[in-house]
Amino acid sequence: MLLSALSAVLSLAGSAAAALTYKGVDWSSVVVEERAGVSYKNVNGAARPIEHILRDSGVNTVRQRVWVNPSGGTYNLAYNINLARRAKNAGLGVYVDFHFSDTWADPAHQAIPSGWPTAVDELAWRLYNYTLDASNQFHDNGVQPTIMSIGNEITAGLLWPTGGTSSWYNIARLLHSASAGIKDSRLNPKPKIMIHLDNGWNWSTQNYWYTNVLKQGPLVSSDFDMMGVSFYPFYTASATLSSLKSSLTNMANKWGKELVVAETDWPSSCPNPAYAFPSDAKNIPFTATGQSQWIKAVADVVASVPKGKGLFYWEPAWIHNANLGSSCANNCMFSNSGQALSSLSVFHNI
């Protein structure tokens, strides 16, 4: 009787420590850093392949951005297949983040790749064949991604100007084609297909976008499995944890999709923030300990929501770009010398 009770307690403890299915980081730039001479080290200072450091810290999935034809080849498909093979060999899942551009795609940038058509029929066909071919190339190189995102932060649309919000029909048409290419590929099992918007704390944004795109016709519910959101604390005080919970709860209740915080960060140093931080995060320090507290707090929100499935920390190892696009000096989870901070082990606890 005592043994069975102990087993039940241990089982509950194990499930509490692994509430999220996907515990991840975006590691897109590690090859850039390694080429620059960075040698990554674990928290004890021992040099190890970063995929092993991540795995041993509790990470189970890595996110990778894919650009179509970038200058120099960094982040292109070949770059990503090689990186994904490293992840697979370390036992990590792979989340492919298609930008559908030759460079950054985000709410302010969604440029059609060079040489792609602009008429919607031709562009949709090109997009279908692109995701089909990319998916098949991952498969043929022995990688079966667990998640594929059809676009990155596409709140203002994708593949501009054709897929801008002046034509919600075009957005729906393009997303349907992107999904179909993945579904028609040789990947087996098929990955979860994600749509990813920014400002996950803002229910009005999420509701307006999905309501508009889903009423057009071409994009149907079965075309995607997940809704991903970006959730950063350093761009507006409105990005509260409570607002995130409210928004994700509403999304779950309205559409019933799996939910993932696809990007988040917290600074280990932020002497001069450009914006006020959210009120319910003001007691979290700008330290490695604070990073752990933030990740745990966000993970707890995701885990509390129906179908809340995962969290991904954006580029924790990009130490030569440590501000990660923010006004905070450093958001990485590795020191300037490439040694893991204590915060990296938080993935064991979410």
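Note that the structure is predicted; figures quoted are calculated from it, not measured.
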Closest approach of [X] and [Y], non-hydrogen atoms and distance?
X	Y	result
Ile150	Ala178	CG2-CB, 3.7 Å
Val94	Ala87	CG2-CB, 3.8 Å
Val229	Leu244	CG2-CD1, 4.4 Å
Pro113	Val68	CG-CG2, 3.7 Å
Thr211	Asn207	OG1-O, 2.6 Å
Asp97	Gly151	OD1-O, 3.7 Å

Ignoring hydrogens and geometry, is there a side-chain-to-backbone donor-acceptor pair from [X] to [Y] under 3.5 Å?
X	Y	answer
Ser135	Thr131	yes
Ser185	Ile182	yes
Thr236	Ser238	yes
Asn202	Thr205	yes
Gln110	Asn152	yes
Asn42	Ala46	yes
Gln216	Asn212	yes
Lys41	Ala340	no
Asp225	Ile193	yes
Asn60	Lys23	yes

Applying a strict under-4.5 Å side-chain criterion to I, L, V, M, F, W and Y, I'd like to know whether [X] and [Y] cluster together.
X	Y	result
Met226	Val66	no
Met333	Ile350	yes
Ile154	Tyr169	no
Leu248	Trp203	yes
Met227	Val301	yes

Margin query: Is the distance from the ring center of Tyr95 to that of Phe312 below 6.0 Å?
Written below: yes

Check: Are Phe231 and Trp201 close enough that their ring centers fall under 6.0 Å?
Finding: no

Please tell me whether [X] and [Y] have a donor and an acceptor in their side chains that are separated by less than 3.5 angstrom.
X	Y	answer
Ser337	Ser335	yes
His196	Ser230	yes
Asn170	Thr162	no
Ser29	Tyr75	yes
Asp106	His109	yes
Asn331	Ser326	yes
Lys296	Asn349	no

Under 4.5 Å between any side-chain heavy atoms of [X] and [Y], yes or no?
X	Y	answer
Leu311	Val260	no
Leu174	Leu123	yes
Pro267	Phe277	yes
Val96	Pro145	yes

Next item on the list: Apply side chain to side chain donor-acceptor pair (under 3.5 Å) to the pair Asp198 and Tyr232, showing each step before the final yes or no.
Entry: CA-CA 9 Å; Asp198 71 333; Tyr232 290 109; over 6 Å; no

Item checked: salt bridge (charged side-chain N to carboxylate O under 4.0 Å, His left out) between Arg63 and Asp26, intermediate numbers included -> CA-CA 4 Å; Arg63 183 178 189 254; Asp26 189 309; 2.9 Å; yes

Next item on the list: Determine the sole option in Tyr79, Trp104, Phe100 for which the ring pair (Phe, Tyr, Trp, His ring centres under 6.0 Å) test with Trp67 is passed.
Entry: Trp104

Next item on the list: Run through Phe286, Trp314, Tyr313 and flag the one making a ring pair (Phe, Tyr, Trp, His ring centres under 6.0 Å) with Trp266.
Entry: Phe286

Should we say atom [atom1] of [X] is surrounded by more than 12 heavy atoms from elsewhere, each under 6.0 Å from it?
X	atom1	answer
Asn283	CG	no
Asn336	CG	no
Lys245	NZ	no

Notebook entry, point to check: Is it true that Asp140 and Arg186 have a side-chain N and a carboxylate O under 4.0 angstrom from each other?
Noted result: yes

Notebook entry, point to check: Does the distance from a Lys or Arg side-chain N to an Asp or Glu carboxylate O, for Glu51 and Arg86, drop under 4.0 Å?
Noted result: yes

[atom1] of [X] to [atom2] of [Y]: how many Å apart, nearest 0.5 Å?
X	Y	atom1	atom2	answer
Gln144	His139	CD	NE2	5.0 Å
Lys254	Leu214	NZ	CG	9.0 Å
Thr21	Glu258	OG1	CD	7.0 Å

Next item on the list: Check the angle between the aromatic planes of Tyr275 and Tyr235 and answer parallel, tilted or perpendicular using the 30° and 60° thresholds.
Entry: perpendicular

Check: salt bridge (charged side-chain N to carboxylate O under 4.0 Å, His left out) between Glu315 and Arg65: does it pass, once the steps are laid out?
Finding: CA-CA 11 Å; Glu315 287 274 23; Arg65 64 177 164 273; 2.9 Å; yes

Next item on the list: List in chain and number order the residues that pass salt bridge (Lys or Arg N to Asp or Glu O under 4.0 Å) with Asp133, two or more places apart in sequence or in another chain; answer none if no residue qualifies.
Entry: none

Check: Which pairs pass ring pair (Phe, Tyr, Trp, His ring centres under 6.0 Å) with one or both residues in residues 27-63, sequence neighbours excluded?
Finding: Tyr40-Phe334

Item checked: Qualifying residues under disulfide (SG to SG under 2.5 Å), relative to Cys332, sequence neighbours excluded -> none

Notebook entry, point to check: Any cation-pi pair here, Lys257 with Phe224, using under 6.0 Å and within 45°?
Noted result: yes

Check: Could you go step by step and tell me if Asp121 and Arg173 meet the salt bridge (charged side-chain N to carboxylate O under 4.0 Å, His left out) rule?
Finding: CA-CA 9 Å; Asp121 288 349; Arg173 174 84 182 278; 2.7 Å; yes

Note to self: For a side chain to side chain donor-acceptor pair (under 3.5 Å) check, start with the C-alpha distance between Ser101 and Thr103, then their side-chain angles and the critical distance, and finish with the verdict.
What the structure shows: CA-CA 5 Å; Ser101 190; Thr103 185; over 6 Å; no

